[in-house]
Student: 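A single structure is presented below for examination.
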Amino acid sequence: MRAATETTDPALPSPDVLAERLLPWFDAHNRTELPWRRPGTTAWGVLVSEIMSQQTQVARVAPVWEAWMARWPEPADLAAAPTADVLREWGRMGYPRRALRLQECARIIAEEHGGTVPADPAELEKLPGIGNYTAAAVAVFHYGGRHAVVDTNVRRVVARLGGRSDAGTATTRADLAAAAALLPEDTATAARVSLALMELGALVCTARKTECGTCPVTAECGFSGQELPEGPSRKRQRYKGTNRHVRGEVMALLRDADGPVERARIDAVWTDRRMVDEAVAQLIADGLIGTDEQGRFELPSR
DNA sequence: AAGTCGGGGAG
DNA sequence: CTCCCAGACTT
């Protein structure tokens, strides 16, 4: 039953119909060989993979994850590592603050959870850098819980099933509720549906184009056959020439340096001195870089 | 709800 | 070249 104030969007398919259409397609098309999907991967390994995959393509994450897990197999291992080593191993995956938060996660899990990654999404969300998506992903993909796993792909697919061209800029409570309403009762099946929705959004129902002709749920979709609107759906910040770009260059310099770096070498990464000042100040404030007794710059020792 | 936070790969 | 990626967090 719907309230009169709600829109008249097409009804979403029932969970059972969705699963019936989606899962055979998923069995035939799901990519993977992703290393963290191998049997025997720990909850910690899954958590690390999900943090690394936040806004970084999984293909780029895979080799870093392999080296990372070989070096620091358990939370206590990462907790004890020098932060400089952690940031170097993170490499060029972007958003290095994720690496800091991941190490904080390791310390909290090691010290307050006896080294065991929580299975409850609410508990996981208390950890730094873990939001709704990552918490659900760990709880479902490792622990096998029954929760909606809502990433950008799932939000887009669910929006289109409901007749819209795309989801909004931010994840809303309505997005989460709509995705949860699509989960079948059976817990193991629900987990596969979540992964299948993500995969459908990555391979068929993508941001740039729809392939309704090959989509397994085209008959149940409110947007099927419609054209995507022209132009960018979301405003995006340029990267080149931004303050963010300068920070990236400073971090790259310090990652590749053998020891502490003089200010003069920092200044050499960018022509605009004021932008370097701003970048360095922000990196220090974020805990991504530090200074030694002589005022030289380096990655944080702890 | 909009801005900010990297860097690279795909189109 | 532009756009987007298994998002989280702050404002």
Side-chain angles (χ1 to χ4, degrees), chain A residues 30-32 34-37 45-65 87 90-102 104-105 121 124-142 147-157 166-176 179 191 194-203 205-209 211 228-255 278-279 282-283 285-288:
Chain A
N30 89 83
R31 304 170 290 181
T32 61
L34 294 175
W36 48 87
R37 295 297 177 216
V46 172
L47 174 49
V48 171
S49 79
E50 295 297 345
I51 298 279
M52 289 182 172
S53 299
Q54 292 167 359
Q55 296 293 285
T56 301
Q57 295 92 325
V58 293
R60 274 209 297 153
V61 167
V64 179
W65 183 87
L87 289 169
W90 192 262
R92 305 186 64 82
M93 287 200 300
Y95 294 144
R97 293 192 299 182
R98 289 183 295 165
L100 297 184
R101 291 175 182 147
L102 181 54
E104 291 177 50
C105 277
L124 284 160
E125 277 200 56
K126 294 178 184 172
L127 298 171
I130 299 187
N132 181 278
Y133 164 77
T134 303
V138 171
V140 172
F141 299 147
H142 181 80
H147 315 279
V149 185
V150 185
D151 74 334
T152 185
N153 291 307
V154 173
R155 291 205 306 127
R156 181 174 58 249
V157 170
D166 200 352
T169 55
T171 303
T172 64
R173 213 163 285 119
D175 291 336
L176 300 177
S194 289
L195 200 49
L197 284 172
M198 291 170 59
E199 200 71 351
L200 189 71
L203 298 181
C205 194
T206 67
R208 289 173 184 265
K209 62 181 173 47
E211 292 184 356
L228 291 177
E230 295 290 325
S233 54
R234 306 174 191 184
K235 306 205 187 307
R236 287 175 196 285
Q237 182 187 23
R238 291 282 82 73
Y239 175 63
K240 281 165 67 171
T242 61
N243 176 264
R244 201 167 169 181
H245 188 172
V246 183
R247 283 194 300 272
E249 294 297 326
V250 174
M251 288 300 293
L253 174 64
L254 294 187
R255 275 198 310 269
E278 173 73 4
Q282 287 184 338
L283 290 171
D286 284 346
L288 284 165

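Every chain is numbered from 1 and lettered A, B, ... according to where its sequence line falls, protein lines coming before strand lines.
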Student: What's the closest nucleotide to the side chain of A:Gln55 if the choices are B:dG8, C:dA6, B:dG6?
Tutor: B:dG6

Student: With rounding to the closest Å, how many angstrom separate the P atoms on B:dG3 and C:dC3?
Tutor: 16 Å

Student: Under the side-chain contact (heavy atoms from CB on, under 4.5 Å) test, which residues partner A:Asp175, sequence neighbours left out?
Tutor: A:Arg155, A:Arg164, A:Thr171, A:Thr172

Student: Can you tell me, in whole Å, how much space there is between the C1' of B:dC5 and that of C:dC5?
Tutor: 14 Å

Student: Just to be sure I understand the rule, does A:Thr134 reach a base, reach only the sugar-phosphate, or reach nothing, if contact means heavy atoms closer than 4.0 Å?
Tutor: sugar-phosphate

Student: What nitrogen or oxygen pairs link the protein and nucleotides 9-11 of chain C at under 3.5 Å?
Tutor:
from: C:dC9; atom 1: OP1; to: A:Gly129; atom 2: N; distance (Å): 2.6

Student: Would you please name every residue forming a ring pair (Phe, Tyr, Trp, His ring centres under 6.0 Å) with A:His245, sequence neighbours left out?
Tutor: A:Tyr239, A:Trp270

Student: For a quick test of reading the model: is some side-chain N or O of A:Thr56 closer than 4.0 Å to OP1 or OP2 of C:dC5?
Tutor: no

Student: Mind checking whether A:Asn153 and A:Arg156 have side chains closer than 4.5 Å, heavy atoms only?
Tutor: yes

Student: Across the strands shown, which category fits A:Trp36 at heavy-atom distances under 4.0 angstrom: base, sugar-phosphate, nothing?
Tutor: base

Student: B:dG8 and C:dC9: how far apart are their P atoms, nearest whole angstrom?
Tutor: 24 Å

Student: Do A:Tyr133 and A:Glu50 have side chains that get closer than 4.5 Å, going by heavy atoms?
Tutor: yes

Student: Take the protein atom CZ of A:Arg97 and the nucleotide atom P of B:dT4, then report the distance between them rounded to whole Å.
Tutor: 12 Å

Student: Looking only at the side chain of A:Gln54 (C-beta and beyond, no hydrogens), which of the listed nucleotides C:dA8, B:dG6, C:dA6 gets closest?
Tutor: C:dA8

Student: Looking at residues at least two apart in the chain, or sitting in another chain, which of them share a side-chain contact (heavy atoms from CB on, under 4.5 Å) with A:Ala196?
Tutor: A:Leu22, A:Leu23, A:Phe26

Student: Can you check the A:Arg244 CZ to B:dG8 P distance for me, whole Å?
Tutor: 13 Å

Student: A:Arg98 side chain: which of C:dC5, C:dA8, B:dG6 is closest?
Tutor: B:dG6

Student: So, is A:Lys240 close to the B:dG6 phosphate, meaning a side-chain N or O under 4.0 Å from OP1 or OP2?
Tutor: no

Student: Give every donor-acceptor pair under 3.5 Å between a side-chain atom in residues 124-132 of chain A and any protein atom, sequence neighbours left out.
Tutor:
from: A:Lys126; atom 1: NZ; to: A:Glu123; atom 2: OE1; distance (Å): 3.3

Student: Counting only side-chain nitrogens and oxygens, does A:Tyr239 get under 4.0 Å of the OP1 or OP2 atom of B:dG7?
Tutor: yes

Student: Quick check: do A:His142 and A:Leu47 have side-chain heavy atoms less than 4.5 Å from each other?
Tutor: no

Student: Rounded to whole angstrom, note down the P distance from C:dT11 over to B:dG6.
Tutor: 16 Å

Student: Can you name the atoms? Protein N/O to nucleotides 9-11 of chain B N/O, anything below 3.5 Å, with the distance.
Tutor:
none

Student: If the cut-off is 4.0 Å, is A:Arg156 near the phosphate of C:dC5, judged by side-chain N/O to OP1 or OP2?
Tutor: yes

Student: Could you pull out all residues at least two apart from A:Glu211 that satisfy salt bridge (Lys or Arg N to Asp or Glu O under 4.0 Å)?
Tutor: A:Lys209

Student: With a 3.5 Å cut-off and sequence neighbours excluded, list the donor-acceptor pairs that the side chains of residues 92-101 of chain A form with protein atoms.
Tutor:
from: A:Tyr95; atom 1: OH; to: A:Arg244; atom 2: NH2; distance (Å): 2.8
from: A:Arg98; atom 1: NE; to: A:Tyr95; atom 2: O; distance (Å): 3.4
from: A:Arg98; atom 1: NH1; to: A:Ile51; atom 2: O; distance (Å): 3.1
from: A:Arg98; atom 1: NH1; to: A:Met52; atom 2: O; distance (Å): 2.8
from: A:Arg98; atom 1: NH1; to: A:Gln54; atom 2: O; distance (Å): 2.6
from: A:Arg98; atom 1: NH2; to: A:Thr56; atom 2: OG1; distance (Å): 2.9
from: A:Arg98; atom 1: NH2; to: A:Met93; atom 2: O; distance (Å): 3.2
from: A:Arg98; atom 1: NH2; to: A:Gly94; atom 2: O; distance (Å): 2.8

Student: Quick one: A:Arg238 CZ to B:dT4 P, roughly how many Å, whole number?
Tutor: 13 Å

Student: Could you tell me the separation between the NE2 atom of A:His245 and the P atom of B:dT4, rounded to a whole number of Å?
Tutor: 17 Å

Student: Mind calculating the distance between CE (A:Met52) and C1' (C:dA8) to the nearest angstrom?
Tutor: 17 Å

Student: Mind checking what makes side-chain contact (heavy atoms from CB on, under 4.5 Å) contact with A:Pro63, not counting sequence neighbours?
Tutor: none

